[in-house]
Amino acid sequence: QVIKKENITISIGEYEKDGQTKQRYKTIGELVTMQGDDGSTYQFGEIWGPIGSTKFNVYEQQDRNATQSQQGYQQPQQQQGMQQPHFQQGGNTDPQF
């Protein structure tokens, strides 16, 4: 059963009302909290964009050190010896490595 539905919003600017600056928000999705038959709660949602919508699930975070390599948020390591080609001005258009 649905426990609650919440809007996902982002700030898209500011405006003035009665002499006070207020945030202007845009709703970009929905987060739904439900209760399963066994009494546990879980969340899922949907983000709306200009080319369609994307559904997502919410999972409880685990120990950050144990799951860091699984999350995909790490900066890619720069590989040694791999460089972008540099082009010189003028008649020579061969890549310089």
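- Between I47 and F56 there is a side-chain heavy-atom pair separated by less than 4.5 Å.
- Taking the side chain as every heavy atom from C-beta outward, Q43 and Y59 never approach each other to under 4.5 Å.
- Other residues, nucleotides and ligands contribute more than 12 heavy atoms inside 6.0 Å of the CG atom of D38.
- A donor-acceptor pair shorter than 3.5 Å can be found between the side chains of S53 and E46.
- For the atom pair K17 NZ and R24 CZ, the distance stands at 11.0 Å (nearest 0.5 Å).
- You'll find the side chain of E14 stays beyond 4.5 Å of the side chain of K22, heavy atoms only.
- Put simply, the side chain of T41 reaches to within 4.5 Å of the side chain of I3, judged on heavy atoms.
- Both V58 and I8 are part of a single hydrophobic cluster, where members link through side-chain heavy atoms under 4.5 Å apart.
- No side-chain heavy atom of Y15 sits less than 4.5 Å from a side-chain heavy atom of Q23.
- Note that CD1 of I10 is 5.0 Å distant from CD1 of I28, once rounded to the nearest 0.5 Å.
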Problem - side-chain contact (heavy atoms from CB on, under 4.5 Å) evaluation trace for T33 with E6 - result: CA-CA 8 Å; T33 303; E6 300 169 276; 4.1 Å; yes
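- Distance check: I12 CD1 to T9 OG1 gives 10.0 Å after rounding to the nearest 0.5 Å.
- At least one side-chain heavy atom of W48 sits less than 4.5 Å from a side-chain heavy atom of T27.
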